[in-house]
There are 2 protein chains.
Amino acid sequence: MSFDQLRYFVAVAEEGNIGRAARRLCICQPPLSRQIQQLEAELGTRLFDRTARGVTLRPSGARFLPFARDILDRVDAARQALDDPGVTSGGDRLREPGALGS
Amino acid sequence: MSFDQLRYFVAVAEEGNIGRAARRLCICQPPLSRQIQQLEAELGTRLFDRTARGVTLRPSGARFLPFARDILDRVDAARQALDDPGVTSGGDRLREPGALGS
DNA sequence: CGACTTTACGGGTCGCGTAAGTATA
DNA sequence: TATACTTACGCGACCCGTAAAGTCG
């Protein structure tokens, strides 16, 4: 599992369509399709149902989606924690994660 | 940034020594050293101070560490959420992340 | 037949492991 | 001089983009 795969998964889940998600992610459909397959293989669970009009989330995919979003948000929070050493002052005080906006 | 880099960073922070962390991770020191450097470069911040006896966390590293641990825990939680569809029953009910043990 | 997803293929990039180099107590 | 981190180098694996094939309304 990689951060890209999580980003890809979220985009596909939101678009309901691999092609549109690929355009949004600025990559081609085949790589995106493969990454989704690979993620499903690693997790041992099918996340989407494929139809002729696109893809739809399976229950397992719906269960996984909030975790994926959460992890990506945490990554952003971690980066910002390094950029903003504590907002106001000296900043040796370390701030625990868990106080996320979402 | 990759999940491996986060795992590597946590291991090095805990061991205070790249060589020992490498043994624990079952990889060689040079790749581990490079991954840490690469992570620091991407984050734009030095995370460790290098000494002749090992490495020590800088304030930025100490600030980053809990986030790294948290993200890795979330990944495990996400995997388990797929394996355990809800512990007891049918399991369409989706459980929000955020109720982590730590 | 049109739209979407998947498989096949070639090229470039990335990361690991081995070996040699550098620095400090 | 012993220990630990770093740089150099060669090889294999992974991922992307293009092209072709398969599938369903």
Side-chain angles (χ1 to χ4, degrees), chain A residues 1-62 64-65 68 71-72 75 78-79, chain B residues 1-62 64-65 68 71-72 75 78-79:
Chain A
M1 189 192 317
S2 70
F3 287 116
D4 277 341
Q5 284 175 333
L6 293 183
R7 266 183 278 272
Y8 293 173
F9 166 72
V10 171
V12 171
E14 287 178 356
E15 297 290 346
N17 180 302
I18 293 184
R20 195 159 41 236
R23 269 196 301 279
R24 177 173 129 188
L25 293 165
C26 299
I27 64 173
C28 296
Q29 294 86 341
L32 180 54
S33 177
R34 268 173 307 185
Q35 289 297 319
I36 297 297
Q37 292 177 60
Q38 193 167 324
L39 179 61
E40 291 175 324
E42 182 186 339
L43 294 175
T45 312
R46 210 144 208 69
L47 298 171
F48 293 102
D49 276 322
R50 275 74 168 175
T51 75
R53 322 236 325 137
V55 297
T56 60
L57 268 178
R58 283 169 62 86
S60 49
F64 188 68
L65 181 56
I71 291 168
L72 295 175
V75 173
R79 286 207 166 90
Chain B
M1 190 191 317
S2 69
F3 286 116
D4 277 342
Q5 284 176 334
L6 293 183
R7 266 183 279 273
Y8 294 173
F9 166 72
V10 171
V12 171
E14 288 178 356
E15 298 290 347
N17 180 303
I18 292 183
R20 196 160 40 236
R23 270 197 298 280
R24 176 173 131 188
L25 293 166
C26 299
I27 64 174
C28 298
Q29 294 86 341
L32 180 53
S33 178
R34 268 173 307 185
Q35 288 299 318
I36 297 297
Q37 291 178 59
Q38 193 167 324
L39 179 61
E40 291 175 325
E42 182 186 338
L43 295 174
T45 313
R46 209 145 208 69
L47 300 171
F48 294 101
D49 276 323
R50 276 75 169 173
T51 75
R53 323 235 326 136
V55 297
T56 60
L57 269 178
R58 282 168 62 86
S60 49
F64 189 66
L65 181 57
I71 291 168
L72 295 175
V75 172
R79 285 207 167 91

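Chain letters run A, B, ... following the sequence lines, proteins first and then strands; every chain starts at 1.
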Who are the side chain to side chain donor-acceptor pair (under 3.5 Å) partners of [X], not counting sequence neighbours?
| X | result |
| --- | --- |
| Arg34(A) | none |
| Arg58(B) | Asp49(B) |
| Arg50(A) | Glu40(A) |
| Ser33(A) | Gln37(A) |

Notebook entry, point to check: Gln35(A): what forms a side chain to side chain contact (heavy atoms under 4.5 Å, CB included) with it, not counting sequence neighbours?
Noted result: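 For Gln35(A), the residues satisfying side chain to side chain contact (heavy atoms under 4.5 Å, CB included) (neighbours in sequence not counted) are Gln5(A), Tyr8(A), Gln38(A).
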
d([atom1], [X]; [atom2], [N]) in whole Å:
| X | N | atom1 | atom2 | answer |
| --- | --- | --- | --- | --- |
| Glu42(B) | dC14(C) | CD | C1' | 14 Å |
| Ile18(A) | dT23(D) | CD1 | C1' | 14 Å |
| Arg23(A) | dA3(C) | CZ | P | 12 Å |
| Leu25(A) | dG17(D) | CG | P | 11 Å |
| Met1(A) | dC14(D) | CE | P | 17 Å |
| Glu15(A) | dA3(C) | CD | P | 18 Å |
| Ile36(A) | dT6(C) | CD1 | P | 9 Å |
| Arg20(A) | dT5(C) | CZ | C1' | 14 Å |

- request: Rounding to 10 degrees, work out the angle separating the end axes of the helix from dC1(C)-dG25(D) to dA25(C)-dT1(D) (five pairs an end).
  value: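 Its terminal axes enclose an angle near 30°.
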
Please check the phosphate of [N] (OP1 and OP2 only) for any side-chain N or O of [X] closer than 4.0 Å.
| X | N | value |
| --- | --- | --- |
| Ser33(B) | dC5(D) | no |
| Arg50(B) | dT6(D) | yes |
| Asn17(A) | dA3(C) | no |

What heavy-atom pair brings Ala22(A) and Leu32(A) nearest, and what distance separates the two atoms?
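Heavy-atom minimum between the residues: N-CD2, 3.5 Å.
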
- prompt: Would you find a donor on one side and an acceptor on the other, under 3.5 Å apart, between the side chain of Ser2(B) and the backbone of Ser2(A)?
  reply: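 No: the side chain of Ser2(B) does not pair with the backbone of Ser2(A).
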
| request: Select one nucleotide: of dT7(D), dC4(C), dC5(D), the one nearest the side-chain heavy atoms of Gln37(B). | output: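 Nearest nucleotide to the side chain: dT7(D).
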
Just distance, no hydrogens or angles: give the donor-acceptor pairs under 3.5 Å from side chains in residues 9-17 of chain A, sequence neighbours left out.
from: Glu14(A); atom 1: OE1; to: Arg24(A); atom 2: NH1; distance (Å): 3.1
from: Glu14(A); atom 1: OE1; to: Arg24(A); atom 2: NH2; distance (Å): 2.7
from: Glu14(A); atom 1: OE2; to: Arg69(A); atom 2: NE; distance (Å): 3.4
from: Glu14(A); atom 1: OE2; to: Arg69(A); atom 2: NH2; distance (Å): 3.1
from: Glu15(A); atom 1: OE1; to: Arg20(A); atom 2: NE; distance (Å): 3.2
from: Glu15(A); atom 1: OE2; to: Arg24(A); atom 2: NH1; distance (Å): 3.0
from: Asn17(A); atom 1: OD1; to: Gly19(A); atom 2: N; distance (Å): 2.9
from: Asn17(A); atom 1: OD1; to: Arg20(A); atom 2: N; distance (Å): 2.8

Taking the side chain as C-beta and beyond, is there a heavy-atom pair between Leu57(A) and Phe48(A) under 4.5 Å?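 Sidechains of Phe48(A) and Leu57(A): in contact.
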
Once base and sugar-phosphate atoms are separated, protein heavy atoms under 4.0 Å mark nucleotides 15-25 of chain C, 5' to 3', with B, S and - as SBBBB----S-

